[in-house]
*Asks:* 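Okay, handing you the structure first.
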Amino acid sequence: MSKTALITGITGQDGSYLAELLLEKGYQVAGLVRRSTHFRHPNIDHLVGRVTLEHGDLMDADSLANVIVRHAPDEVYNLAAQSVPADSWHNPIVTGEITGLGCVRMLEAVRRHRPEARFYQATSREIFGGVSEEVVDETADFHANNPYGNAKLYAHLMTRTYRESFDLFACGGILFNHESPRRSLHFVTRKVTMAAACIKLGVADPPINEAGEALVQDGIVKLGNLDAVRDWGHAREYVDAMWRMLQQDRPTDYVIGTNTAYTIRDLCRVAFEHVGLDWEEHVRSDPRFMRPTEIAASRGNPAKAKAELGWEPRIGFEELVREMVDADLERLS
């Protein structure tokens, strides 16, 4: 008999890749989406008819309980969140409600109505915030330093609490930055790859950035701190790690990263070089896009995941960036 999985955030980058993976493995897949008048979800358009979409909201406990009762899932993947760290400074209360308390509402629905289900919580490297260690693993201290990171930390600790208090099979995946062509334009990686594609193709009406302005103006894209450092991997590989966590004999938490580090400058260089352009002619730093506090330049050590899950990253940083640029060129063409 096939398993049933419930994915919150199924229309996002991670949710769409995870849905594909689970369908390939023979799962019945249900996904939670917020009710709106907008019925198109580009990341999962190709999965129409293969997944069941349920309306619900992480701020509405009754809707979560109803979905759990209706589908009786074997596995629950809580990927939905207010997922943009920079936006969390402008919307700290909503971020706390959705990203923090939303996880607890889902845990409570599972505890009450499907306690045998296995639960995955999408934790973030942002819970480490400004840690001093160059390389971090599951033993590192938590130093979340923005509203998003603190909300994720609360969700992570509550996942651990439900695991220890109620014997739920609940895992926290502490994922470092992971990107793909399906990444939202609110994230710097897609801003850079889309800008490179727009400038290369001479697009007259580029997409809008988070400030409500054209992403590219007079051949220039404006970003935040160009010296910020991240450990970037590919989302398609990271969702495989999520699934592997829920197949183990015992629940625990795992750091998922590549143990590499690159700056935003590196990102710009690779993206613009791929289309034959000099990034320094087209990229400017704008204080409006700076974070009030920056996270530390740490790398994620996935040694535990490699040893226990048999997981390790295979797609390198430059290959990832080039794939994203090519996808944006295709979109615009």
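All values below come from the heavy atoms of this structure, side chains included, with hydrogens, waters and symmetry mates left out.
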*Asks:* Is a side-chain donor-acceptor pair under 3.5 Å present for Asp231 with Thr258?
*Replies:*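 Checked: Thr258/Asp231 side chains pair up, N/O donor to acceptor below 3.5 Å.
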*Asks:* Can you find a side-chain donor-acceptor pair between His274 and Glu318 that sits under 3.5 Å?
*Replies:*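 No, no side-chain donor-acceptor contact under 3.5 Å.
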*Asks:* Given side-chain contact (heavy atoms from CB on, under 4.5 Å), test Val203 with Val216 step by step and report yes or no.
*Replies:* CA-CA 9 Å; Val203 172; Val216 176; over 6 Å; no
*Asks:* Without hydrogens or angle criteria, can the side chains of His234 and Glu319 be said to hold a donor-acceptor pair below 3.5 Å?
*Replies:*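 There is no such pair (donor and acceptor under 3.5 Å, judged by atom type) between the side chains of His234 and Glu319.
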*Asks:* Would a 4.5 Å heavy-atom cut-off, applied to side chains only, mark Ile10 and Glu54 as touching?
*Replies:*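 The answer is no, as the side chains (C-beta and beyond) never meet within the 4.5 Å cut-off.
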*Asks:* Can a donor-acceptor pair be found between the side chains of Ser298 and Arg125 at a distance below 3.5 Å?
*Replies:*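 Distance-only check passes for Ser298 and Arg125.
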*Asks:* Can you list the steps and then say if Thr193 with Asp328 is a side chain to side chain donor-acceptor pair (under 3.5 Å)?
*Replies:* CA-CA 7 Å; Thr193 62; Asp328 282 330; 2.7 Å; yes
*Asks:* Can you pull the side-chain hydrogen bond (donor to acceptor under 3.5 Å, both in side chains) pairs that have at least one residue in residues 151-161, sequence neighbours excluded?
*Replies:*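 Found Thr123-His156.
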*Asks:* Looking only at atom types and distance, does a side-chain atom of Arg244 sit under 3.5 Å from a main-chain N or O of Gly310, one as donor and one as acceptor?
*Replies:*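 Yes, because the side chain of Arg244 sits within donor-acceptor range (under 3.5 Å) of the backbone of Gly310.
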*Asks:* Would you list the pairs meeting ring pair (Phe, Tyr, Trp, His ring centres under 6.0 Å) in which at least one residue belongs to residues 296-324, sequence neighbours left out?
*Replies:*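 Applying ring pair (Phe, Tyr, Trp, His ring centres under 6.0 Å) to every pair that reaches into residues 296-324, excluding sequence neighbours, yields Trp232-Phe317, Tyr238-Trp311, Tyr262-Phe317.
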*Asks:* When Asp74 is tested against each of Lys3, Arg114, Lys25, Arg118 for salt bridge (Lys or Arg N to Asp or Glu O under 4.0 Å), which residue passes?
*Replies:*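 Result for salt bridge (Lys or Arg N to Asp or Glu O under 4.0 Å) with Asp74: Arg114.
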*Asks:* Would you mind reporting whether Leu329 and Val275 have side-chain heavy atoms less than 4.5 Å apart?
*Replies:*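 With C-beta onward as the side chain, the pair touches.
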*Asks:* List the steps and the verdict of side chain to side chain donor-acceptor pair (under 3.5 Å) for Asn78 and Thr8.
*Replies:* CA-CA 5 Å; Asn78 185 44; Thr8 73; 2.8 Å; yes
*Asks:* Under a plain distance cut-off of 3.5 Å, with no hydrogens placed, do Thr189 and Arg183 share a side-chain donor-acceptor pair?
*Replies:*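 No, no side-chain donor-acceptor pair sits under 3.5 Å.
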*Asks:* Step by step, would you call Ser63 with Asn66 a side chain to side chain donor-acceptor pair (under 3.5 Å)?
*Replies:* CA-CA 5 Å; Ser63 71; Asn66 291 339; over 6 Å; no
*Asks:* Surrounding CG of Asp286 (heavy atoms of other residues, nucleotides or ligands, distance under 6.0 Å), is the total greater than 12?
*Replies:*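 Yes - once you tally the heavy atoms of other residues, nucleotides and ligands closer than 6.0 Å, there are more than 12.
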*Asks:* So which heavy atom on Ala204 is nearest to which on Pro206, and how close?
*Replies:*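 Where Ala204 meets Pro206 most closely, the heavy atoms are O-CD, 3.3 Å.
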*Asks:* Give me the one residue out of Glu308, Lys304, Lys306 that meets side chain to side chain donor-acceptor pair (under 3.5 Å) with Tyr254.
*Replies:*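 Single side chain to side chain donor-acceptor pair (under 3.5 Å) partner of Tyr254 among Glu308, Lys304, Lys306: Glu308.
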*Asks:* Are any of the side-chain nitrogens in Glu97 or Arg105 under 4.0 Å away from the carboxylate oxygens of its partner?
*Replies:*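 Salt bridge flag = yes for Arg105 with Glu97.
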*Asks:* For Thr11 and Asn43, test the side chains for any donor-to-acceptor distance below 3.5 angstrom and give the result as yes or no.
*Replies:*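 Their side chains do not contain a donor-acceptor pair, so the 3.5 Å distance test is not met.
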*Asks:* To the closest 0.5 Å, what do you measure between CD (Glu116) and CG (Asp167)?
*Replies:*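 Going from CD on Glu116 over to CG on Asp167, the span is 12.5 Å.
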*Asks:* Indicate yes or no for a side-chain donor-acceptor contact from Gln13 to the backbone of Ser180 under 3.5 Å, with no hydrogens or angles considered.
*Replies:*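 Yes, because the side chain of Gln13 sits within donor-acceptor range (under 3.5 Å) of the backbone of Ser180.
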*Asks:* Could Arg236 and Glu323 be called an ion pair, given the rule that one side-chain N must be under 4.0 Å from one carboxylate O?
*Replies:*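 Yes.
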*Asks:* Apart from Val229 itself, what residues make up its hydrophobic cluster, given side-chain heavy atom links below 4.5 Å?
*Replies:*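 Answer for Val229: none, a lone residue.
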*Asks:* Check the side chains of Tyr162 and Glu108 for a donor-acceptor pair under 3.5 angstrom, ignoring hydrogens and angles.
*Replies:*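 There is such a pair between these side chains.
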